[in-house]
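Naming: A, B, ... by sequence-line order, numbering from 1 per chain. Predicted, not measured: the structure shown is a model, and the values here were computed from it.
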There are 2 protein chains.
Amino acid sequence: MTPRKSPGRDGVPDHAPAQDVNLDALPPGLAAAWGAVDVEGRRGPKPAHSVEEIIAVATELADEEGIAAASLPKVAGRIGVTANALYRYVASKEELLVLLADRAWGEPPALPAGDWRAAATLWSHQLFERFLARPWLLDVPTTVPLTPHNAAWLDALITALKPTGMAARQMLTCAYLLDSHARYGANLRRNTPTPAALRRANPERQQAMRAVRVFLDGRLRSRNLLAVAEVLEDPAFLAEEPAHDGFDFGLARILDGIEVYVSREEGLDTPQA
Amino acid sequence: MTPRKSPGRDGVPDHAPAQDVNLDALPPGLAAAWGAVDVEGRRGPKPAHSVEEIIAVATELADEEGIAAASLPKVAGRIGVTANALYRYVASKEELLVLLADRAWGEPPALPAGDWRAAATLWSHQLFERFLARPWLLDVPTTVPLTPHNAAWLDALITALKPTGMAARQMLTCAYLLDSHARYGANLRRNTPTPAALRRANPERQQAMRAVRVFLDGRLRSRNLLAVAEVLEDPAFLAEEPAHDGFDFGLARILDGIEVYVSREEGLDTPQA
DNA sequence: GATGAAGTGTTCACGCCATGCACAGTAACA
DNA sequence: TGTTACTGTGCATGGCGTGAACACTTCATC
């Protein structure tokens, strides 16, 4: 890795000193994601490009052909530069992925105050839609705990959950619950398209999915996995497209569960893990 | 890809005919995972190895150094054979991964009958432990809907949930809820080791995590993400190792949520999505 | 203004990966 | 005895992430 002083990052210059910590000791991409890099364009020639441009191009590629298409050679090629040139802006592929993922999160929604359940519902739906819009985000391995957008989403939710009186780690667990549900739901939707989407799809794909169904049914029964076989055969699966597959149902279960806990604790005022 | 008639697969020969579906139309690995391949060792020389051996070696490698270590050259090398030779047993890397993942699931636990909540709890805990034991399983992209072990786990849970009276897709959603919680919890645990594990770890790693904490705290505050900053600072995070981080708490919320739904529907007898 | 340090993108290079093809050898069947 | 099907090997390709050397450009300083 060549020593690197990346050029300016997005709007916020982050004037905070906070250099009390060795940036090189942090996981790759963390410092970059939070814009902890020098901004002053110093000696040499002006960089012809920018981290933002690189990430934008990588996003394009990922949108078009999945996360695997966001390779250094491909990104560089589209920008019109050598793959190695990217290392002047980004320390490693991993860092690029961290930045890419953070950008894909975008800004969190503004949540209604005073009704934590409504807020959590909105938050979950928005996140779900985010994942549907950028499915490749599910394929980016998260190697870094928190990035700015990421953290902003979390902050919004936790702020909304505060009035419930839950302890810090409980709120965090709830956040993970909702996050993972959105992720998983989006992943599921991606792998098993809705009937409507199926109708739009080409006949080959339709037939392929039918083949899978038939094949699995046979195998499941011959292995005596009857409960699963039955479920897969349920007419509901062949019916018209439900608004959100099981997403809303699952979300409601989670929120009910939280609500039970919250209202139970309300009377006690002695929360415990 | 060379045409391939793989040698025998694990115990169950799956005599079922069920060849009414074109195996080549299925997603890669599906047919192989369900053992839908010819068994008879026909003309040529006896194969010196077996799919089982290959998968076992791949598992070893993944256990030792993560999923990336389960590459064709590395697996082949440890077996003592050329990378290309593996293609006589496995159609592609992807198929290898499918088989690898299926093997890692292992057999599902026997669940107590008559108490769906106890059953679901046991199931979730066992799955959680499975993921902790084989963290790389979280890194295998699931390209195939159901594999035998996978399906067996699902079957066990759904069988246990049946007495609740939920509809098929609702049970399926519940299963996904629990599965995703176990996955996510295990992933979390992997990324943020318990205090006890930390104490055992080398001082460098400890210091690195402290650096991350300090860095993030500064950044979060300077971006006004105070709720998150507060949560991360909560003394509970520095306290002694909790039995299961937030896993049990989250699990209890999910189950509470399901219970609310189930007991609400019990009186109505008109379940709806 | 000259000079040197720092920063730019390129070229060459390496090692790793998944995978295709041709081949020599081997084992069963005709 | 061939013929045939199947085995593992060798050679090859194109992709990837990344390191090192280099020529070139800009600015800070003398």
**Item:** Note, B/Leu216 side chain near A/Pro145 side chain (heavy atom, < 4.5 Å)
**Value:** yes
**Prompt:** Are A/His181 and B/Tyr176 close enough that their ring centres sit under 6.0 Å apart?
**Reply:** no
**Prompt:** A/Lys46 side chain: which of C/dA22, D/dT26, D/dT18 is closest?
**Reply:** D/dT26
**Asked** With no angle test and no hydrogens, is the base of C/dG9 tied to the side chain of A/Asn84 by a donor-acceptor pair under 3.5 Å?
**Response** no
**Request:** Check each residue of residues 65-80 of chain B for a non-hydrogen atom within less than 4.0 Å of any atom in DNA chain C, then write out the ones that pass by number, or none.
**Result:** B/Ser71, B/Leu72, B/Pro73, B/Lys74
**Item:** Candidate nucleotides D/dT18, D/dG8, D/dA21, ranked by approach to the side chain of A/Lys93 - the nearest
**Value:** D/dT18
**Listed nucleotide nearest any side-chain atom of B/Pro45, set C/dT8, D/dG8, C/dG25** = C/dG25
**Message:** Tell me whether the side-chain N/O atoms of B/Tyr89 come closer than 4.0 Å to OP1 or OP2 in D/dT7.
**Reply:** no
**Request:** Anything under 30° is parallel, anything over 60° is perpendicular, the rest tilted; go ahead and classify A/Trp105 against A/Phe131.
**Result:** perpendicular
**Message:** Need to verify one output field. Residue with the more 5' nearest nucleotide on DNA chain D, B/Thr82 or B/Gly44?
**Reply:** B/Gly44
**Message:** Using whole Å, what does the distance between atom P of nucleotide D/dT18 and atom CD of A/Glu95 come to?
**Reply:** 11 Å
**Asked** Whole Å only: how far is the CG atom of A/Leu86 from the C1' atom of C/dG7?
**Response** 16 Å
**Message:** What is the separation between atom CZ on B/Arg43 and atom P on C/dA28, rounded to the nearest whole Å?
**Reply:** 11 Å
**Item:** A/Tyr87 side chain near D/dG17 phosphate (N/O to OP1/OP2, under 4.0 Å)
**Value:** no
